[in-house]
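Reading through the structure tokens given below for one structure.
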Protein chains: 2
Amino acid sequence: MAGVTIQHVAQAAGVSPTTVSNLLNGRANQMLPETRQRVEAAIERLGYRPNRAARHLRTGRSRTVGLVVPSVGNPFWGTFARYLEAAALTEGYNVLLCNSERDPDRERRYVEELWSDGVQGVVLCSSLPSLEHVMPLMDRGLQIVAFDRAAQANDADSLVSISIDNAVGSQLATTHLTSLGHRRLAFVSGALGSINRKERYRGFTAALEQAGLSTENTLWPGASGEQFGDVETAELGRRAARELLATDDPPTGIVAINDMCALGVCRGVRDAGLEVAKDVSVVGFDDIVLADLYDPPLTTVRQPMPEMAKAAIAELKSRVEGPGTGQGRSLLLRPELVVRQSSAPPRG
Amino acid sequence: MAGVTIQHVAQAAGVSPTTVSNLLNGRANQMLPETRQRVEAAIERLGYRPNRAARHLRTGRSRTVGLVVPSVGNPFWGTFARYLEAAALTEGYNVLLCNSERDPDRERRYVEELWSDGVQGVVLCSSLPSLEHVMPLMDRGLQIVAFDRAAQANDADSLVSISIDNAVGSQLATTHLTSLGHRRLAFVSGALGSINRKERYRGFTAALEQAGLSTENTLWPGASGEQFGDVETAELGRRAARELLATDDPPTGIVAINDMCALGVCRGVRDAGLEVAKDVSVVGFDDIVLADLYDPPLTTVRQPMPEMAKAAIAELKSRVEGPGTGQGRSLLLRPELVVRQSSAPPRG
DNA sequence: GTGAAAGCGCTAACAT
DNA sequence: ATGTTAGCGCTTTCAC
């Protein structure tokens, strides 16, 4: 039996659809206990499940939020998805997970699809500097929380941004190295195209300046002009490390744009016949599961995922359920340095 | 404007809703080019998007398949999700991704939710030996493809199973080691609770027997009675390696239940002051992204993800669109050994 | 305490 | 080539 409807239940219980609906929507108190039991029995017996499409069509509401991530293949996003789902579930929401593959067009199509699916709130993890491709939907009332992307001047008024303070994060990482005594540092990244990357680099240079070190020639030159996926980022790190360590005055400490990249850097260090920590300290960013599993375990900057996920859902919930379109705001959480064994004082 | 409906478009274009609907549903040819343009212009101008709930309610169809995975935090599943989505997209389907956290109850709830959302086909990645918790839905017409789980005798008649041949896979891995000359092998795994694990162990012992080796004491004794998550699996591997290598007659080759576990084993080998490949060969299973990134790169058994994803969608599609409930079937794809640097001939 | 009836936005016969 | 109409399953006034 594909289609057990509320009518069938009503008939089986000898009541009207209204009564069944009342029971379904928490108005059970206004009916005789006996009636209630009859209805409940009928629901059970027939295996009735309300049709969400009909329900949604009728009410215009939907207890679902969308989550658009650049790539579910990346553990960072997979982990975030889990936390967001957990946070959503506690608030009575479901999460619809979409994978943009970093394609702006797919991103837009997904958000549009979610909107026309009745989803009123979306957590958008976009690497794009401009969110104008979803502006039309926001104008129509779609609530968007941009995650892992700091607010921009030309963002929509109602946009909520949640991210860590990337500059602080990489400052933490960099200062960790300078405090250990490193004087010659390098920053390894793919193209500094995204806001995050720029911020991380900014934190890196800020920390250097604070330590009285020159920022010249600290950005790995191969970092510009290229765009990399997640796997390629590791390869990039590997190449960067090899090249950097082959120079006259090689760095003793390397700050990588993220953990994938840092893992690659570690590989490159070994390729160069050197040892991570002993010869070259490496610090990553994100604290993916593998950071702790790697050999040596990676010193990295952890994003407070559970808090961020909770905040994202809270924002969405209050805006979707609350009155009117709230003003935009930006929430910058403080990341945390996790010191493991890939960083140590420089040799000699 | 939240609610631009087909009526608004019709009115704006000076036509009836039918005409708009016709255009929307690929019946554009049966109207005057001029009419068509007027309608298209109106749609564009009003920013109209069809309401999926209404559409679905009306047609009873839904171009969405569900994907239930044990954990999106695990790269293995993240990767599969990407391939499945790609395969679905080419067939005009969307994928709804759900995360069961290996909780049978969540698994059931998700599948029920998908069903009441109008989803007619689900790819279920369940580690459970019995799928009876989704049987009622299958009886109602829900099509299920069980992924990464070999068919069982008490499965529903219409169940489709897609997985690799796990026994063949670990036989491949094990024979690789025996061919290299290893005579003392060990198999490291968490509890042999799932079908897959049992199959992999079976392949392991089969390969040993084929090589004329004893299977006694080859299963790491700590492997029984415990259930492990993904992170813990690595820790388990590490512990297993340390314990195994501390015995009188330590193995020179270790086959791990999966890559996470293998990574842990590698760590354990180092903990014991030994070197992977040189002293102990390690082979994993799954070929996660990190297998290639690790140092040394991990020899492992690759699952043909794209093919499996395509097959899953093809099965679902033909069953959802085709007539009647198809008979169940089981598709066992052949895995492939990927030889990297974590395996080598034994010392001396 | 319970029921009748209208309508959410859309599609697909069935007219014309 | 285009329009009229009925109804998908549900919720929610408004009656009784």
Side-chain angles (χ1 to χ4, degrees), chain A residues 1-40 42-43 46-64 113 115-120 140-141, chain B residues 1-40 42-43 46-64 113 115-120 140-141:
Chain A
M1 302 284 171
V4 181
T5 78
I6 201 170
Q7 302 279 355
H8 298 135
V9 176
Q11 202 161 0
V15 297
S16 79
T18 306
T19 303
V20 182
S21 174
N22 281 338
L23 178 59
L24 254 37
N25 293 285
R27 285 182 289 270
N29 47 328
Q30 65 180 225
M31 72 185 71
L32 256 33
E34 180 203 295
T35 312
R36 176 191 179 146
Q37 291 200 342
R38 270 214 320 285
V39 177
E40 279 170 344
I43 288 178
L46 272 52
Y48 168 71
R49 314 230 72 220
N51 179 321
R52 304 256 296 243
R55 186 175 255 188
H56 167 218
L57 178 59
R58 180 58 233 241
T59 62
R61 283 178 262 113
S62 148
R63 300 289 289 177
T64 301
E113 219 159 73
W115 174 247
S116 69
D117 251 344
V119 168
Q120 304 183 72
R140 287 206 173 75
Chain B
M1 302 286 171
V4 181
T5 77
I6 201 171
Q7 301 280 354
H8 299 137
V9 176
Q11 201 160 2
V15 296
S16 80
T18 306
T19 304
V20 182
S21 174
N22 280 338
L23 178 59
L24 255 37
N25 293 286
R27 287 182 287 270
N29 48 329
Q30 64 179 227
M31 71 187 70
L32 256 32
E34 180 203 292
T35 313
R36 175 188 178 148
Q37 292 200 342
R38 271 214 320 285
V39 177
E40 280 170 343
I43 288 177
L46 272 52
Y48 167 72
R49 312 229 74 222
N51 179 319
R52 303 255 296 242
R55 188 176 253 186
H56 167 219
L57 178 59
R58 178 59 232 238
T59 60
R61 283 179 260 110
S62 148
R63 301 290 288 178
T64 301
E113 219 159 73
W115 174 246
S116 70
D117 252 343
V119 169
Q120 304 184 73
R140 287 206 174 72

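Below, chain A is the first sequence line, B the second, and so on; all start at residue 1. All values below were derived from every heavy atom in this structure, side-chain atoms included, with hydrogens, water molecules and symmetry-related copies excluded.
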Roughly, in whole Å, what's the span from [atom1] in [X] to [atom2] in [N]?
X	N	atom1	atom2	value
Arg49(B)	dC10(C)	CZ	P	12 Å
Arg38(A)	dG1(C)	CZ	C1'	12 Å
Asn51(A)	dT11(D)	CG	C1'	13 Å
Gln30(A)	dT11(D)	CD	C1'	13 Å
His56(B)	dC10(D)	NE2	P	11 Å
Asn29(A)	dG1(C)	CG	P	9 Å
Arg55(A)	dC10(C)	CZ	P	21 Å
Leu23(A)	dG1(C)	CG	P	15 Å

Return the nearest nucleotide to the side chain of [X]; candidates are [options].
X	options	answer
Met31(B)	dT2(D), dC10(D), dG9(C)	dT2(D)
Ile6(B)	dT2(C), dA1(D), dT11(C)	dT11(C)
Thr19(A)	dA1(D), dT11(C), dT2(C)	dT2(C)

Under-3.5 Å N/O pairs linking protein and nucleotides 12-16 of chain C:
from, atom 1, to, atom 2, distance (Å)
dA12(C), OP1, Arg61(B), NH2, 3.1
dA12(C), OP2, Arg27(B), NH2, 3.2
dA12(C), N6, Thr18(B), OG1, 3.1

Please examine the side chains of [Y] and [X], heavy atoms only from C-beta on, and report whether any two atoms are closer than 4.5 Å.
X	Y	result
Arg58(A)	Leu57(B)	no
Val20(B)	Val15(B)	yes
Val39(A)	Leu24(A)	no
Arg52(A)	Glu113(B)	yes

Practice problem: Kindly say if Thr5(B) contacts the phosphate of dG9(C), meaning a side-chain N or O under 4.0 Å from OP1 or OP2. | Solution: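 No, no such contact exists.
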Quiz item: How long is the gap from OG1 on Thr19(A) to CE on Met31(A), to the nearest 0.5 Å?
Solution: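 If we round to the nearest 0.5 Å, Thr19(A):OG1 and Met31(A):CE are 6.0 Å apart.
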Quiz prompt | Side-chain (Arg140(A)) to main-chain (Gly47(B)) donor-acceptor, under 3.5 angstrom | solution =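 Such a contact is found between Arg140(A) side chain and Gly47(B) backbone.
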Quiz item: Is a side-chain N or O of Ser21(B) found less than 3.5 angstrom from the main chain of Pro17(B), in a donor-acceptor match?
Solution: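 Side chain of Ser21(B) to backbone of Pro17(B), a donor-acceptor pair under 3.5 Å: no, none is there.
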Quiz item: Mapping Leu24(A) and Gly14(B) to their closest nucleotides on DNA chain D, which lands nearer the 5' end?
Solution: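 Upstream on the strand: Gly14(B).
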Quiz item: Under 4.0 angstrom, heavy atoms only, what part of the nucleic acid is Leu32(A) near: base, sugar-phosphate, or nothing?
Solution: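 Here Leu32(A) touches the backbone only, sparing every base.
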